[in-house]
Visitor: 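What follows is a structure written as structure tokens; I'll ask about it next.
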Amino acid sequence: MTKRVLITGVTGQDGAYLAKFLLGKGCDVFGAYRRLSTPNFWRLINLDIYDEVRLLPVDLTDTTSLLQVVTLSQPDEIYNLAAQSFVEASFDQPLATAEITGLGTSRILEVVRQVNPGVKFYQASTSELYGNGNDGSSNEVTPFVPASPYAAAKLYAYHMTKIYRQAYGIFACNGILFNHESPLRGLEFVTRKVSNAVARIALGLGKELVLGNLEAKRDWGYAPEYVESMWLMLQQDKPGDYVVATGESHSVEELVRRAFECVNLNWEEYTRSSSRLLRPLEVNSLRGDPSKVGEHLGWKAKVKFDELVQIMVEADLECWRRWLRGEQFSWDAINYPSKE
Ligand code: NAP
Ligand code: GDD
């Protein structure tokens with residue numbers, strides 16, 4: 001029988017890649033999207049799956065809408081990817097972040113418990129949970145020391161996922177994913193901000209790249225690979241929590257240097273750091289230990305840092321070239337307010 005899957009946050013980076021992956025597995029894919037005054041389906045169009053996903057409106061702050069999408073889709077698996085996911089914004093909107101990213105997860109779990117506790121549930125947990133608690137590489141037993149309203153909300157969601165597993169026997173998993181990026185990454189996040197600015201500068205459309213903390217380090221992987229780990233977690237005999245990472249970390253400065261190398265320019269001539277872009281509290285360094293996901297699920301990151309940056313810069317170059325040729329296509333960068 002065809003498996004039915006429900007993805008919340010289907011309009012986001014991971015939601016779009018996961019929908020594509022699950023359609024490839026022959027699943028009936030239901031995508032829960034948030035109603036906006038201007039529709040936001042550019043990633044689904046980009047991946048050529050807009051017509052294949054069954055789109056249902058939902059808001060994570062509205063239990064009735066969650067009840068409705070679960071009742072309508074009757075899923076075998078739910079992937080809860082929807083969130084206010086931008087760490088910086090969580091300092092400006094701590095309550096909205098708690099409502100959506102934290103309580104939103106409780107609302108879905110409660111709908112699952114009441115409607116069909118046999119549904120398998122994936123929660124998009126995060127390396128941000130570790131905060132500054134550990135200088136080395138973090139695994140499934142490393143303590144969590146959240147350092148942002150976003151991380152605090154995700155920590156609550158992480159625990160609720162475990163609690164529903166232990167208390168009610170729900171097949172609920174936390175994927176503790178480290179940063180993963182792609183050409184479909186939102187423009188606010190540092191990798192895409194850099195690749196987009198570098199492409200514009202290389203084509204004479206921009207002059208400068210202004211960033212915050214250049215010393216922060218992250219374990220950056222490639223999003224299309226990471227969504228496969230989500231699916232693998234729900235195909236096991238028993239539910240569990242898994243760190244998903246490359247095992248390597250690089251600084252923002254290395255990211256910028258590598259991105260400018262891709263277009264044969266010297267990063268120092270175009271980049272500056274502004275104190276206005278520093279966070280009230282920073283997570284200095286994150287690196288994951290993917291041993292468990294490798295041993296139990298056979299998952300391993302293939303695309304590493306240098307290749308990832310190249311993929312992203314080339315994709316942004318291609319988009320801006322198409323734009324210069326006057327082509328019309330579904331894309332986000334043209335609507336992004338630029339400080340350059
Ligand atoms: P993203 O691109 O920001 O996507 C977030 C999705 O959530 C979007 O579809 C967004 O809808 C939706 N959403 C936001 N508020 C909502 C609400 N109130 N009701 C319903 N939907 C709502 O994030 P991502 O990078 O794909 O990440 C997916 C998930 O993984 C997130 O939970 C994120 O926190 C987590 N995560 C991400 C990473 C990473 O490196 N990417 C790492 C660890 C964990 P709109 O399109 O309408 O805004
Ligand atoms: N966004 C951004 N913009 N970040 C900058 C900038 C800038 O101009 N300059 C420096 N940075 C630094 C941030 O301070 C942070 O240390 C690092 O670059 C990465 O920032 P983001 O790309 O915004 O990602 P994040 O690590 O805060 O959060 C992402 O990864 C988490 C997993 O660790 C998001 O996808 C979260 O949703 C996810 O949970």
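Here the structure is a predicted model, which means the values were calculated and not measured. Both counts, for ligands and for their atoms, begin at 1 and track the order of listing.
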Visitor: What do we get for L36 next to ligand 1 when only non-hydrogen atoms under 4.0 Å count, side chain, backbone, both or neither?
Guide: side chain

Visitor: Test of understanding: given a 4.0 Å heavy-atom threshold, classify the contact between I100 and ligand 1 as side chain, backbone, both, or neither.
Guide: side chain

Visitor: Which residue owns the protein heavy atom closest to atom 41 (N) of ligand 1, what's the atom, and how far is it?
Guide: R185 NH1, 3.2 Å

Visitor: With the threshold set at 4.0 Å, does a side-chain nitrogen-carboxylate oxygen contact exist between E295 and K292?
Guide: no

Visitor: Heavy atom to atom 30 (O) of ligand 1, shortest distance: which of A124, S85, S125 holds it?
Guide: A124

Visitor: For a side chain to side chain contact (heavy atoms under 4.5 Å, CB included) with V70, tell me which candidate from V115, L56, V119 qualifies.
Guide: V115

Visitor: Looking only at N/O atoms, are G12 and ligand 1 under 3.5 Å apart anywhere?
Guide: yes

Visitor: Side chain, backbone, both or neither: which part of E128 has a heavy atom under 4.0 Å from ligand 1?
Guide: neither

Visitor: Which residue in the set V243, T126, T246, V244 passes side chain to side chain contact (heavy atoms under 4.5 Å, CB included) when paired with F178?
Guide: V243

Visitor: Quick one: list whatever passes side chain to side chain donor-acceptor pair (under 3.5 Å) with R54, sequence neighbours left out.
Guide: D28

Visitor: Are any of the N/O atoms in F189 less than 3.5 Å from those in ligand 1?
Guide: no

Visitor: At a non-hydrogen distance cut-off of under 4.0 Å, which region of L60 contacts ligand 1 (side chain, backbone, both, or neither)?
Guide: both

Visitor: Of the side chain and backbone of F86, name the one, both, or neither that has a heavy atom under 4.0 Å from an atom of ligand 1.
Guide: neither

Visitor: Among P57, S65, A82, whose heavy atom sits nearest atom 21 (N) of ligand 1?
Guide: A82

Visitor: Which residue, Y17, Y122, F21, forms the ring-ring contact (aromatic ring centres under 6.0 Å, His included) with W231?
Guide: F21

Visitor: Among all protein heavy atoms, pick out the one at the shortest distance from atom 43 (C) of ligand 1; state its residue, atom name and that distance to 0.1 Å.
Guide: L177 O, 3.1 Å

Visitor: Short N/O distance, under 3.5 Å, between K154 and ligand 1?
Guide: yes

Visitor: Please say whether H180 places an N or O atom under 3.5 Å from an N or O atom belonging to ligand 1.
Guide: yes

Visitor: Check whether F189 forms a cation-pi arrangement with R185 (NZ or CZ under 6.0 Å from the six-membered ring centre, at most 45° off the ring normal).
Guide: yes

Visitor: For atom 18 (N) of ligand 1, find the nearest protein heavy atom and state the residue, atom name and distance (0.1 Å precision).
Guide: D59 OD1, 3.0 Å

Visitor: At less than 4.0 angstrom from any atom of ligand 2, which residues have a non-hydrogen atom? List them by chain and residue number.
Guide: S85, F86, V87, T126, S127, E128, Y150, N179, R185, E188, F189, V190, K193, L211, G212, N213, A216, R218, V252, R279, E282, L286

Visitor: Would you say ligand 1 has an N or O under 3.5 Å from any N or O of N40?
Guide: yes

Visitor: Which protein non-hydrogen atom lies closest to atom 14 (C) of ligand 1, naming both residue and atom, and how far is it?
Guide: A83 O, 3.2 Å

Visitor: Between N80 and ligand 1, is there a nitrogen or oxygen pair with a distance under 3.5 Å?
Guide: no

Visitor: Below 3.5 Å, N or O to N or O, backbone or side chain included: is there any such pair between T126 and ligand 1?
Guide: no

Visitor: Which protein non-hydrogen atom lies closest to atom 27 (O) of ligand 1, naming both residue and atom, and how far is it?
Guide: D14 OD2, 3.7 Å

